[in-house]
Amino acid sequence: MEIVYVYTKKRSEFGRQCNFSDRPAELHVDILPDPSLAANFVERDPCDVPTQCTQEMSEHEVNTERFEHETRGINHAEGGWPKDVNPQEMEQTIRFRKKVEKDENYINTIMHLGSLMEHCIKQNNAIDIYEEYFDGEEVVEEAEEQPSAKTINVFRDPNPVKRTATSLSWHPDRNRKLAVAYSSLEFQRTTQDMNYDSYIWDIENPNKPEMTLKPVSPLVCLEYNPKDSHILIGGSYNGQLAYWDTRKGSQPVEMSTMEHSHRDPVYKVIWLQSKTGTDAFSASTDGQVLWWDIRKFSEPTERLVLDPSKKGNLENALGAISLEFETTMPTKFMVGTEQGLVVSCNRKAKTPAEKIVCTYSGHHGPIYALQRNPFFPKNFLTVADWTARIWSEDIKESSIMWTKYHSANLLDGCWSPMRPSVFFTIKMDGTLDVWDFLFKQNDPTLTLKVCDEALYSMQVQDNGRFIACGSQLGTATLLEISSGLCTLQRNEKALATAMFERETKREKILEARHREMRLKDRSRSEQSKEDDGNMDGEESAEEMLARSEKEFFEMVGAEQKKKEKEEEEQLDKEEEEDYFE
Amino acid sequence: MEEYHPGDEVAFNPDEASNSVKECIEGIIGGVDYSQNKVNQWTATIVEHSLTQLVKQGKPFKYIVNCAVMQKSGAGLHTASSCYWDTTTDGSCTVRWENRTMYCVVSVFAVAVAL
């Protein structure tokens, strides 16, 4: 290391002394004006300076050498006769012929010419040059592409206080517009400045909604009338229904009266198939399903109380969250309830008791979506709690097919209108799953994370290609899925039919077996009752509850420990790798 | 860089400087008439060449060279300067040159690099 000594000295203390003095002003240039020189110059006023701000381009012309051509044709009727022979006169021609035939060269030339001609004719017949290739072949099918989906457009709620997009409805013709209902479904979370409006968006313009609908209370569900695309019906948070005509403006044309409406938010409203096209029915968690004619909104035309004991008792009634109606089966409809039951009903029944035909149980939570398969109306899809299930109408005890239990709640789902084996579900963690049960049954075919917040509603367009999903913060996203997922594959219908039948049969067999076992158990227990006369092993309800709680927590703990162990193993493996590197 | 001779305490020689500058001007705009397109180029070249010549003399000076070219159109031109420096070592010189169509005025200021 160098040893350095730094010493400082002011610049003024060494070097040359600055002896500055003033040098007075010196005139450098003194050129006097000379007007005579100005005579050499002419003032140019005004001064036009043209400029052109264009691309500099050059123009070239090329002309090829002229090629003269003429179209000529030959029409050979008869000819070749020498000048003195008149082809019309038979005598002359015969005479000439005889003369030529006597010529020596005649035969040789004919032979030579004949063979040439034969060659050409043969060539002509060998290949048909006007043949159409590939005439009858079918269009080759595209190679299997990876299923994919991409976001086309995002429509955001323009208000500062964001509300959930609870329902979406596509415009019935041409699917150019999307009606979205906004409301806040969280209990008592509506703030003072929350806007009640719902919007109709034009899918080409995500910046501003095309039209606003101004209800009295936020709309929970909204549907376009499939017969008249200007009419929309909406069910609102306070239980009333209202209908709009888009030609008439943002205010509802008419609203149902408070006394006769529902007492809880109207969760679903569906248009019915009728001659007038003005009938609809609505469902709400107050346990009622009401039928309306929009021309006379003061009172519902019909009322059904969802009492499973069939007594019409409103206190026992199950709250309805979703409705299902298929226009091909106009007498039947289904209701999905908050309690996890699907109730199948008959419209044409005379008494309210007969209206409820049967119930399907199997879900643990409210049934958010319920839809029949458009190709196989006997099978329907339900989306509730953490699973989606497919049911067959005949089997009431359990579903025939179901997905595994996911980690997030499933909030909506629907079938694809183009493919019988494809359906879509959306989850609380903001993902959209596309399921194709002919391709893969354990997992969705395609999982797509649409947004970070929960997705509350979805609706697929009639062509099966575009899906709109609405989220908790009011963002509606428009997705396009790959063509493989929305075009009917070969044999798909047959395969789907076979699959449904197989699963239905399996469930039937299982049901029968269960029934047998139950009968056997009952007879056995009756026998043992006679022997023992004492029922021990019958736990009280509380003990059973405590036992099941303990089991549940043990299972959860075991799962957690398994996860932790897996993570530890993963870390150990990584450490080992680092160590060896 | 040209060699610098330490210990040389020479004052500025205006004659020598003015001669070399005059030669430069002659070389650049010697026989041409005033042309608006080229005048910028001329002034730059004059200044550069003059400076190069001055630096070649190898004296320990800081130079400032100023050049003005004016068309002879009947207007008058007057410039002056005043300096506050060490009159023993520093100096300046001005060269005036003209032809039929223009005037050229080059001023050189030299300030000694004091040690």
Side-chain angles (χ1 to χ4, degrees), chain A residues 1-68 207 581, chain B residues 6-12 14 17-18 21 25 33-34 36 60-62 64-115:
Chain A
M1 207 178 78
E2 290 174 23
I3 301 173
V4 172
Y5 178 72
V6 179
Y7 64 96
T8 52
K9 198 170 173 187
K10 268 205 214 164
R11 174 69 180 82
S12 49
E13 290 167 17
F14 67 93
R16 192 195 171 79
Q17 221 182 6
C18 298
N19 286 326
F20 283 177
S21 51
D22 198 11
R23 186 199 79 174
E26 204 180 283
L27 187 65
H28 291 294
V29 183
D30 194 21
I31 302 169
L32 297 168
D34 187 1
S36 62
L37 286 175
N40 295 336
F41 297 92
V42 170
E43 200 173 292
R44 212 168 77 170
D45 179 31
C47 199
D48 281 314
V49 179
T51 51
Q52 198 170 41
C53 187
T54 52
Q55 249 182 1
E56 274 196 17
M57 294 196 282
S58 61
E59 192 179 311
H60 293 280
E61 258 182 49
V62 169
N63 208 2
T64 51
E65 277 188 25
R66 239 183 120 85
F67 182 72
E68 296 269 356
N207 297 320
E581 269 175 16
Chain B
D8 259 356
E9 283 231 5
V10 195
F12 178 62
S18 95
V21 167
I25 299 175
D33 285 340
Y34 178 82
Q36 195 204 340
F61 282 108
K62 296 179 182 172
I64 296 153
V65 180
N66 187 29
C67 170
V69 171
M70 193 184 102
Q71 185 181 23
K72 270 189 176 175
S73 54
L77 174 67
H78 315 268
T79 63
S81 78
S82 167
C83 315
Y84 180 69
W85 51 25
D86 189 342
T87 43
T88 50
T89 55
D90 310 325
S92 74
C93 88
T94 316
V95 175
R96 292 161 223 49
W97 180 95
E98 68 177 276
N99 74 1
R100 193 178 62 92
T101 49
M102 56 185 171
Y103 297 105
C104 178
V105 182
V106 178
S107 324
V108 177
F109 298 86
V111 178
V113 180
L115 275 180

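In this text the structure is predicted, and so the values were computed from the model without any measurement. Residue numbers begin at 1 in each chain, while the letters A, B, ... track the order of the sequences.
In this structure, A/Glu59 places its CD atom where only 12 or fewer heavy-atom neighbours from other residues, nucleotides or ligands lie under 6.0 Å away.
If you run side-chain contact (heavy atoms from CB on, under 4.5 Å) between B/His78 and each of A/Ile31, A/Val29, A/Asp30, only A/Asp30 comes through.
With hydrogens and angles disregarded, no donor-acceptor distance shorter than 3.5 Å links the side chain of A/Arg23 to the backbone of B/Gly91. Using a distance-only test at 3.5 Å, with no hydrogens or angles considered, no donor-acceptor pair links the side chain of B/Ser81 to the main chain of A/Ala25.
Of all non-hydrogen atoms in B/Gln71 and A/Phe41, the two that sit nearest each other are NE2-CE2, 3.2 Å. The nearest pair of heavy atoms linking A/Leu37 to B/Ser73 is CB-C, 3.9 Å. The heavy-atom pair separating A/His28 from B/Arg96 by the smallest distance is O-NE, 2.8 Å.
In this structure, chain B has no heavy atom under 4.5 Å from any part of A/Asn40.
By the 4.5 Å heavy-atom criterion applied to side chains, A/Glu26 and B/Cys83 are not counted as neighbours.
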